[in-house]
Structure formats: C-alpha cells, structure tokens
**Q** 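The following block contains the structure, expressed as structure tokens.
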Amino acid sequence: MNHMASRLSQQVQRLRAQLLRRHEHQPLVWCLLGLYGCRWRRQERSGGAQPGDCCCDKLEGASFAVLVAAFCLTLLFLYFWGQAKNDYNDFDWFNFGNLGFWFPWSVVLLVIATAFFTYVTVLMLLAVCLLSEGQKLYLHWSHKIGILVSLAFAIAATAVLSDLWSKEWTTLLLSFQLAPENTLMSFERAAEAGSDGLETDVTVSLDGVPFLMHDDTLQRTTNVGEIFPNRSDTPAAMFTWSELESLNAGSWFLAHNPFGTAGSLSEEDKQRAGNQSVCSLQEFLQLAAHTGKLVIFDLYRPPRGHPYRDTWIHRTLEVIQNESAIPSSQVLWLPPDLRALVQELDPDLQQTSGSRLPLEELQSNHIVRLNLHYSSMSTELVSEYAAVNITTNLYVISQPWLYSLAWCTGVHSVTTNAPQLFATMSSPHFLMTPDEYILMWILTDVLSFILILIIFFFHWWRERGLAFCSGRELHLDNGTYSKFKTEMSDIWSVSSAISPTEKTTNLATVTEH
C-alpha cells in the first residue's frame, strides 16, 4: 500500500512539473536557456528538472560555484576601487613612474572592473531565473571561460593593489585641480579658493637653488624630453637652475588633462597654464608671505654626487631666513633629518612630524603638529594629541565624503587637491549619529526581508494555483488533465487522446487530509 502511495505521489509530482513547464513562461525560459547556455535550437531546449533531480551535473555545479565566487570577488574589488577614487592620481603617478608615459589607468581599471562585474551579475541572474523555473543549468563553454577570466582579474587586481596600496583597505573601513601642480599659478588658485595653507615638495638644483618638484625626474610635468632629449631620466636635482627655468611646466597639464578639469579653464587661463615654469622655493615662500598662508613641504635629499647632498637642509633654511619675507612661524617644518639642529638654528619654525610617535617623544622634539595619512583618522587619536596642544593634519583628502568624515573626527586641517570644492561646504555631507546610522540599516534590512517574503509567497501562491486549479482542464502533449472532487478524495486523472487503456493506466487517487 505504501509502495502504491509512493508511486502515485511521484506521478502527481511529475505531472505537476509537466504542467508548470507547459503553461508557465515557456518563451521566457527558452530565452533564458539561450542566453545562459547558447541553447537556441528547439531540440536543445530540453532542460527541465524532474522532482528529486539535481539542478545540474557536477561540472555545471562547479561552474555555478565559480560564478558565485567571481560575483563576490568582482563586487568586492569594484567597491574597493570605487572607494579608492581619492587616490586615483597617486595610482596614475605610480604607473607613470614605471611606464614612462602618462595615462589615466585608474579610470581604465574602473571601467574594466565594472564590465566584469556586470557580465558576471547578468549570468548570476540568468542562473537564478532558470533554477526558479525548474530548469537544469547548462552553461556554455564561452561563458565558463569568461567567468574564469573575471575571477582571475578580480584576484590578481586585488592582490596587486593590496600589496602596493594596502592602506587603501583602511578607506573601506572609514567607508581637481585647476592649474598644473607645483606651479605658481596652482598656489595662487589655492589661495583664492580660501586655503589656510599651501603644501608642496622641494629639492635642490645642481647649483644650490631649492625648487618645487614632486617626481624624481622632470619627465611627467615638463617638456624635458624636447629641450634635453638625452636627459629625460636624469634626476631633477641634477639640473642647474638656468636649465630648469628653460623648461615648460604647464603644457603637459593641458595635453593630458590628468584631473579632467582643463576644459573648465577660460582661454586666458589655458594660455597662462600652458606657459608655467618650474617654481623656486623663494617664489613659493614670497607668495605665502604675501597671502598670509601657512606652508608645509617635503624636502628631498639630492642624489649621490650632488654638491649639496650634505648641506641641503642648511641651504633650504637660508632661503627661508634670508631670501624670502615669510616669518618662520608660518613654516611647518616637516623634514625629520637633523631636527634638533634645525630647531636650534630657527626655533620659530613649527616642528611637524609625519609619523605617529609616543607623546613623550613628540614633546621632547617640540612637535606642535602631526601630518598623517588619512587612513590614520581616529577620533581618539586626534583627541589624545589635542590634549597636549598638538594639532593634526591629514593628507591627501579630495573627496567630499572623506572630508566630511575628517570634519566629524575633529582633525584641525586637511591637505587637498580640491580646495575650491571644500570651500563651499558649510557642514559635513552626512549628519547622522551612530544610532541613526544603525537604525537606517536595521530598517533597510527589515524592509528587504519583508519584500523577499512577499515575493516568496506570491511565487508559492502562483505555483499552487497552477497545480491545483479546481474545475479546469489543461491539455498536455498527449492528453487532458482534470480534477474533480468526491466525498472521500480528490481524483486526479489523465485521459489519453490515443486509447482508453492509457487513460485507465494513468488514473491516480490522492487522499486529501
């Protein structure tokens, strides 16, 4: 009796599956099968899973698992690289140093990551739709290769960037520039935008003139390849000041448009930007003195064989004290070399540390300011240093959301490439307390859960209505399916259009409790 009941139950389940395959969205299913498995021919569309069958064989199951992994990793990398936008310029600068030419590789990487994520997501949606329609998965070999490529890209890109920019992961936890860099025009624009201070990088020329230059060479930001074609890779400090003055330090900005903002310049500003020259430290300090701005700079020691390799600090102090009108109190002295000697020679300089050091060491070195990477952002850290009159500056912050977070953390200042953007912000872009933030996510999760339940019950109700539609006849390929109720039970029958014998054979009775 139990065996007969089991057979009857299996027949009913099989019949129900046939009904659903027959009367539900068959054209949609065919389209899904075509897109997912390139099964466009009618004879290739048989893919329905019988009750109790596995949705796919072991190979297809492994392919689906790899698809899920690729989806998760590409999503993670896309979010990671999206949040790293604040440091795209550093990434492009790094590639320039290795490849020798400027190109917005950061944007290229973002586009590639978006393309891979979109591709994998579409395949995921197709697979889920096919499973919901009771179809077996047959992923086409070309898609399998595409998934493997997407997975390899996500793993390789994440590994490389984690090795080179491991500090970027901190950004996830914390979750333009209008003139050529290090030119007099750029600092004038920063002062006009309301910046409180100016930041740059300084090295010393072969004949002892400190000048502004971020890179080791002149190749990226000047036309040294045209003026001195055999010296493109020569360190910038190995040029005399007269040679440096002969270079154009602004035309590259218009040619490469590294920040995508050159088009916003007026024709007059474009002409001026295209004629900028290498800026000396003296010119920079004179501008700061005239505008009353603080200055901070990294000081690069000249390479071996340079006549000022051992006296570069003294030469820089001479410019500050004797060749410019800036008060020493406006200078935030960042170089850690010979700090005690510098403090002795010019005690009015604001000694600034670029490292997180114990409070005792900071106080013994007369440190009054910290200059830290924004990944060191911490309310507790800022408060701890502020308690002993040490202020905190974070670099480089050029995104409003990151600036807002620094604002709420309590830092005293930030170094940025977008002063004109932040000058318009009268408050942080987000004004939520931690409790409000948690409440927002709890409500989002609850609403998402309710929506999922509604979709689930609607799908269940629709299938139940198709399988147990009382008083209807549904025509199959080889017969008619009907249901009628008696006092004792529901009678399910399939009447064959071929012979009465088949009609009797397919008669089944299921007791309804």
Side-chain angles (χ1 to χ4, degrees), residues 90 93-94 96-98 100 180-184 186-187 198-250 252 276-288 295-324 326 328 331-346 349-355 365 371 395 415:
D90 289 343
W93 176 79
F94 173 82
F96 169 82
N98 288 277
E181 66 180 64
N182 281 329
T183 61
L184 202 59
S186 66
F187 296 112
L198 306 173
E199 187 274 341
T200 187
D201 306 278
V202 177
T203 189
V204 182
S205 70
L206 193 64
D207 50 352
V209 178
F211 66 98
L212 313 188
M213 183 58 56
H214 179 272
D215 299 5
D216 292 332
T217 70
L218 302 166
Q219 187 176 358
R220 179 174 67 93
T221 58
T222 72
N223 61 339
V224 65
E226 299 175 7
I227 307 301
F228 304 103
N230 298 323
R231 301 174 65 187
S232 296
D233 297 327
T234 302
M238 301 305 289
F239 287 78
T240 64
W241 178 240
S242 60
E243 293 172 333
L244 293 169
E245 284 187 303
S246 68
L247 300 176
N248 186 308
W252 73 275
Q276 290 295 298
S277 58
V278 176
C279 183
S280 68
L281 176 62
Q282 180 188 27
E283 292 175 300
F284 171 72
L285 294 177
Q286 289 294 85
L287 173 63
V295 300
I296 184 172
F297 52 83
D298 282 312
L299 181 57
Y300 299 149
R301 187 178 186 181
R304 295 183 182 279
H306 194 284
Y308 288 88
R309 176 171 172 80
D310 297 325
T311 57
W312 85 109
I313 289 180
H314 295 79
R315 181 69 190 101
T316 304
L317 286 175
E318 287 178 5
V319 174
I320 295 174
Q321 296 173 327
N322 305 323
E323 300 177 22
S324 67
I326 191 171
S328 296
V331 178
L332 280 61
W333 186 264
L334 183 60
D337 305 273
L338 305 179
R339 189 181 292 276
L341 176 62
V342 172
Q343 174 70 17
E344 181 181 347
L345 294 175
D346 196 340
L349 294 171
Q350 294 192 43
Q351 294 297 323
T352 305
S353 173
S355 305
N365 288 323
N371 185 56
Y395 66 91
T415 300

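These values consider heavy atoms only, across backbone and side chains, with no hydrogens, waters or symmetry-generated copies.
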**Q** Test your reading of the model: is there a side-chain donor-acceptor pair from Arg304 to the backbone of Arg309, 3.5 Å cut-off?
**A** no

**Q** With the side chain counted from C-beta on, respond yes when Glu181 and Thr221 share a heavy-atom pair under 4.5 Å apart, and no when they do not.
**A**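 A side-chain contact exists here, since the closest heavy-atom pair is under 4.5 Å.
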
**Q** Would you sort out whether Gln343 and Leu349 count as a side-chain contact (heavy atoms from CB on, under 4.5 Å), showing the intermediate values?
**A** CA-CA 7 Å; Gln343 174 70 17; Leu349 294 171; 5.8 Å; no

**Q** Between Thr183 and Gln276, what is the shortest heavy-atom contact and its length?
**A**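 Taking every non-hydrogen atom into account, CB-OE1, 3.5 Å.
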
**Q** For Glu245 and Ser242, which I'm curious about, is there any donor-acceptor pair between the side chains at under 3.5 Å?
**A**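 Checked: Glu245/Ser242 side chains show no N/O donor-acceptor pair below 3.5 Å.
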
**Q** Spell out, as yes or no, whether a donor-acceptor pair under 3.5 Å connects the side chain of Thr352 to the backbone of Gln350.
**A**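 Yes, because the side chain of Thr352 sits within donor-acceptor range (under 3.5 Å) of the backbone of Gln350.
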
**Q** Looking at side-chain heavy atoms only, is the closest gap between Leu334 and Leu299 below 4.5 Å?
**A**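 Counting from C-beta outward, Leu334 and Leu299 never come under 4.5 Å.
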
**Q** If you define the side chain from C-beta out and look only at heavy atoms, does anything of Ile313 sit under 4.5 Å from Val342?
**A**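 Answer yes - side chains close enough.
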
**Q** Answer whether the closest heavy-atom distance between the side chains of Val278 and Asn182 falls below 4.5 Å.
**A**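 A side-chain contact under 4.5 Å is absent here.
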
**Q** Do Gln286 and Ser324 come within less than 4.5 Å of each other through their side chains, counting heavy atoms only?
**A**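 Answer yes - side chains close enough.
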
**Q** Does the plane of the ring in Tyr300 sit parallel, tilted or perpendicular to the ring in His214? Use 30° and 60° as the thresholds.
**A**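 If you compare the ring of Tyr300 with that of His214, the planes turn out perpendicular.
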
**Q** Evaluate the side-chain contact (heavy atoms from CB on, under 4.5 Å) criterion for residues Asp310 and Arg301: first the C-alpha distance (whole Å), next the side-chain angles of each, then the deciding distance (0.1 Å), finally the verdict.
**A** CA-CA 8 Å; Asp310 297 325; Arg301 187 178 186 181; 2.8 Å; yes

**Q** Mind checking the CD-CG spacing from Gln321 to Asp346? Nearest 0.5 Å is all I need.
**A** 4.5 Å

**Q** To the closest 0.5 Å, what do you measure between CD1 (Ile296) and OG1 (Thr415)?
**A**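 The OG1 atom of Thr415 is 6.0 Å from CD1 of Ile296, to the nearest 0.5 Å.
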
**Q** Above 12 or not: heavy atoms from other molecules or residues under 6.0 Å from CG of Asp216?
**A** no

**Q** Considering all heavy atoms of both residues, which atom of Ser353 and which atom of Ser355 are nearest to each other, and what is their separation?
**A** OG-O, 3.0 Å

**Q** Find the distance between OH (Tyr395) and CD (Glu199) and round it off to the nearest 0.5 Å.
**A** 9.5 Å

**Q** The test is side-chain contact (heavy atoms from CB on, under 4.5 Å); show your working for Thr240 and Ser205 and say whether it passes.
**A** CA-CA 5 Å; Thr240 64; Ser205 70; 5.9 Å; no

**Q** Enter the distance from Thr234:OG1 to Asn230:CG here, rounded to the nearest 0.5 Å.
**A**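 Atom-to-atom, Thr234:OG1 and Asn230:CG are 9.0 Å apart.
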
**Q** Say whether, by atom type as modelled, one donor and one acceptor occur between the side chain of Asn248 and the main chain of Asn223 under 3.5 angstrom.
**A**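 Between the backbone of Asn223 and the side chain of Asn248 there is no qualifying donor-acceptor contact (under 3.5 Å).
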
**Q** Identify the two heavy atoms, one from Ser232 and one from Gly225, that lie closest to each other, and give their separation to 0.1 Å.
**A**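 Result for this residue pair: OG-CA, 3.4 Å.
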
**Q** Would one find more than 12 heavy atoms of other residues, nucleotides or ligands at under 6.0 Å from atom CD of Glu318?
**A**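 Counting neighbours around CD of Glu318, more than 12 heavy atoms of other residues, nucleotides or ligands fall under 6.0 Å, so yes.
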
**Q** Rounded to the nearest 0.5 Å, what's the gap from CZ on Phe228 to OG1 on Thr222? Could you check?
**A** 9.5 Å

**Q** Compare all side-chain heavy atoms of Ser280 with those of Leu212 and state whether any distance is below 4.5 angstrom.
**A**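 Counting from C-beta outward, Ser280 and Leu212 never come under 4.5 Å.
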
**Q** Give me the atom names and distance for the closest heavy-atom approach of Glu243 to Arg231.
**A**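 Where Glu243 meets Arg231 most closely, the heavy atoms are OE2-NH1, 3.0 Å.
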
**Q** Heavy atoms, side chains only, cut-off 4.5 Å: are Ser328 and Trp333 in contact?
**A** no

**Q** Which atom names give the shortest non-hydrogen contact between Pro307 and Thr311, and what distance separates them?
**A** O-OG1, 4.3 Å

**Q** Can you check whether Ala237's main-chain N or O pairs, donor with acceptor, with His306's side chain at less than 3.5 Å?
**A**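 Pair found, side chain donor or acceptor close to backbone of Ala237.
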
**Q** Take Leu206 and Tyr308, measure what side-chain contact (heavy atoms from CB on, under 4.5 Å) needs, and give me the verdict at the end.
**A** CA-CA 8 Å; Leu206 193 64; Tyr308 288 88; over 6 Å; no

**Q** Taking atom CG of Leu244 and atom CZ of Phe239, what is their separation to the nearest 0.5 Å?
**A**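 That separation rounds to 7.0 Å.
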
**Q** State plainly whether the residues Arg339 and Glu344 are in salt-bridge range, i.e. N to O under 4.0 Å.
**A**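 Result for this pair is no, no salt bridge flagged.
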
**Q** Please tell me if the side chains of Phe284 and Leu198 come closer than 4.5 Å, counting only heavy atoms from C-beta onward.
**A**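 They are in contact (side-chain heavy atoms under 4.5 Å apart), so the answer is yes.
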
